Amino acid sequence: MLSILLLTLSILLATFVLQISKQLNHHLEKNSKPFDMVIGAKGSALQLVLSAILHIDNPTGNISLDEVLRIRKNPMVREVIPVSYGDNYRGYRILGTSNEYVRKYGATLKEGKLNTKNFEAIFGAEVAKKLKLSVGSSFVSSHGLIQNEIEAHDEKPFVMTGVLRPTGTVVDHLIITNLESVWEVHEHGDEHIEHHDEHKEITALLLNFRNPIGALQLSRSINKNTSLQAALPKLEIDRLLKFLGIGFKAINGIAMAILLVAGLSVFISLIKTVKERKHELALLRTYGATTFQLLTLVFLEALFLSLIGFVFGWFLGRVSILLFSNLASDAYKYHLEINAPDMQEFIMLLIVIFMTILASILASYSLFKLNVSKILTDA
């Protein structure tokens, strides 16, 4: 029983970490891939990427639209997409940007139409699913990125005009409107409606370049000579994954250590089984069973126990992913998928089977020297 529990625990940890690592890598790369650079206020480059691209952190601040317009004129820049945010609706971020942002992630309409006027908004697939609003519904945003009803902008409601199809990206968890709506919702009653562009602010600017060298050159120039912060999403994501990878490797190391202990436990358990059942095995020899058949019998019993441990561990690993997904969904608005077994898990199964074969052979060594007459006489 102990060997099954140890094997179950090791497979649980290994499959859990494997799936979390794989899906996290895929999620981060998929969401950062559409953009070569993000520009925002001075601060942490990683925080800028997490907030402006992955939408799981607070922004480093706002930047002047006037500075953005100058950057857009740079010949190395192919396209720019401004984003502005600071409000939410029931915990989901309201992002002010252009419709080009939606197209960069390959999102298409499931129903309704794209926002074309101020205070029109389209919902990502997960937002629409969770909030259960229909096209044409109105809603009121609240100040800040955390759900609250204290600072609601009741005088300036939004209208839901469309729902996007699922993309498996951050777009699924956003409410998207235009920049003008975000600016207008934060204007006070005593301010003029009309403002010059240079007085406007955005949260970040997403850029793509004509070639990779342009991104490197401009990022150095911006970070050195301006009050802005330029970050390369791929570089920051790679750094983040490198740090996370240390933790994943540590947990995998623990899982492998437990797996070795489980193998040792299986070996000890088989030795005990062979000793306790040597009388039965001797009787089988008198009925014509060969040493190889006895060895096969011991191996099949060990394999059965190992497969039970592996299947339980795999199943509990998937249950753990489901529970973790619920936590990740609440904290980061991101769902983990429950996938079928993959090649790496199949390799794990082969390792378990090989370990079982080795333990069976070592534990059954005494079967090759089985003295049938002496055992039956002593019985």
Side-chain angles (χ1 to χ4, degrees), residues 1-33 44-51 53-57 170 231-269 305-356 358-359:
M1 181 60 71
L2 177 61
S3 57
I4 294 178
L5 289 176
L6 288 172
L7 184 58
T8 298
L9 180 59
S10 65
I11 298 301
L12 187 161
L13 285 174
T15 56
F16 176 76
V17 171
L18 177 65
Q19 288 296 316
I20 293 291
S21 175
K22 182 181 293 185
Q23 293 192 42
L24 181 61
N25 286 353
H26 177 71
H27 174 71
L28 293 176
E29 290 176 5
K30 186 176 182 179
N31 283 287
S32 61
K33 188 176 180 180
S44 165
L46 178 58
Q47 182 183 352
L48 181 57
V49 171
L50 293 178
S51 63
I53 291 185
L54 299 176
H55 297 282
I56 56 175
D57 204 346
V170 292
L232 303 176
K234 189 179 186 309
L235 179 62
E236 297 304 323
I237 293 300
D238 286 345
R239 287 178 180 173
L240 176 61
L241 290 175
K242 184 178 179 181
F243 290 132
L244 292 175
I246 296 173
F248 289 146
K249 288 179 181 178
I251 297 175
N252 269 330
I254 294 172
M256 290 302 103
I258 296 174
L259 183 61
L260 290 175
V261 174
L264 181 61
S265 178
V266 169
F267 171 64
I268 294 172
S269 177
L305 296 176
S306 296
L307 289 178
I308 288 177
F310 185 90
V311 171
F312 278 175
W314 184 89
F315 176 76
L316 291 177
R318 290 303 192 269
V319 171
S320 300
I321 290 172
L322 181 62
L323 296 175
F324 185 79
S325 178
N326 292 332
L327 294 176
S329 176
D330 292 337
Y332 304 111
K333 304 294 185 293
Y334 172 62
H335 292 282
L336 294 170
E337 297 177 357
I338 307 300
N339 296 323
D342 57 21
M343 182 56 67
Q344 288 173 297
E345 291 172 333
F346 181 70
I347 292 173
M348 260 189 272
L349 176 60
L350 293 180
I351 292 173
V352 170
I353 293 175
F354 174 77
M355 183 181 69
T356 304
L358 185 62

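Values in this document were obtained by computation on a predicted structure and should not be read as measured data.
Of all heavy-atom pairs spanning A14 and A255, the tightest one is N-CB, 3.9 Å. Of all heavy-atom pairs spanning A359 and G263, the tightest one is CB-O, 4.4 Å.
A donor-acceptor distance shorter than 3.5 angstrom exists from the side chain of H55 to the backbone of S51, with no hydrogens or angles considered. Not a single donor-acceptor pair under 3.5 Å links the side chain of S265 to the backbone N or O of V261. Here the side chain of N31 pairs a donor or acceptor atom with the backbone of V170 at under 3.5 angstrom. Between the side chain of T15 and the backbone N or O of G317 there is no donor-acceptor pair closer than 3.5 Å. Using a distance-only test at 3.5 Å, with no hydrogens or angles considered, no donor-acceptor pair links the side chain of S21 to the main chain of V17.
Residues that satisfy the side chain to side chain contact (heavy atoms under 4.5 Å, CB included) test with S269, not counting sequence neighbours, are T273. Partners of S10 by side chain to side chain donor-acceptor pair (under 3.5 Å), not counting sequence neighbours: none found. When the side chain to side chain donor-acceptor pair (under 3.5 Å) test is applied to E236, the partners found at least two apart in sequence or on another chain are R239. In this view, F16 and I20, S320, I321, F324 satisfy the side chain to side chain contact (heavy atoms under 4.5 Å, CB included) rule, not counting sequence neighbours.
Counting only residues at least two apart or on different chains, the salt bridge (Lys or Arg N to Asp or Glu O under 4.0 Å) pairs with a member in residues 11-29 are K22-D342. Within the structure, no pair that satisfies the salt bridge (Lys or Arg N to Asp or Glu O under 4.0 Å) test touches residues 242-261, not counting sequence neighbours.
Under the 4.5 Å side-chain criterion, counting only non-hydrogen atoms from C-beta, L349 is in contact with L307. When side chains are defined from C-beta on, W314 does not count as touching M348, because their heavy atoms never get closer than 4.5 Å. The side-chain heavy atoms of V266 and I4, taken from C-beta on, include no pair separated by under 4.5 Å. Counting only heavy atoms from C-beta outward, the side chains of L7 and L259 approach each other to under 4.5 Å.
Distance check: T8 OG1 to I258 CD1 gives 11.0 Å after rounding to the nearest 0.5 Å. The OG atom of S32 sits 10.5 Å away from the CG atom of L50 when rounded to the nearest 0.5 Å. Interatomic distance, I251 CD1 to L18 CG, rounded to the nearest 0.5 Å: 12.0 Å. Going from atom CD1 of I351 over to atom CZ of F354 covers 9.5 Å, rounded to the nearest 0.5 Å. With rounding to the nearest 0.5 angstrom, the CD1 atom of I11 is 11.5 Å from the CG atom of L6. A distance of 4.5 Å separates CG of L241 from CG of N25, quoted to the nearest 0.5 Å.
Salt bridge E337/R318: absent, no basic N to carboxylate O contact under 4.0 Å.
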Begin from the C-alpha positions of E345 and Q19 and carry the test side-chain contact (heavy atoms from CB on, under 4.5 Å) through to its verdict. CA-CA 10 Å; E345 291 172 333; Q19 288 296 316; 3.6 Å; yes
Run I237 and L46 through side-chain contact (heavy atoms from CB on, under 4.5 Å) and show every step you take. CA-CA 8 Å; I237 293 300; L46 178 58; 5.5 Å; no
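The number of heavy atoms from other shown groups lying within 6.0 Å of CZ (F248) is above 12.
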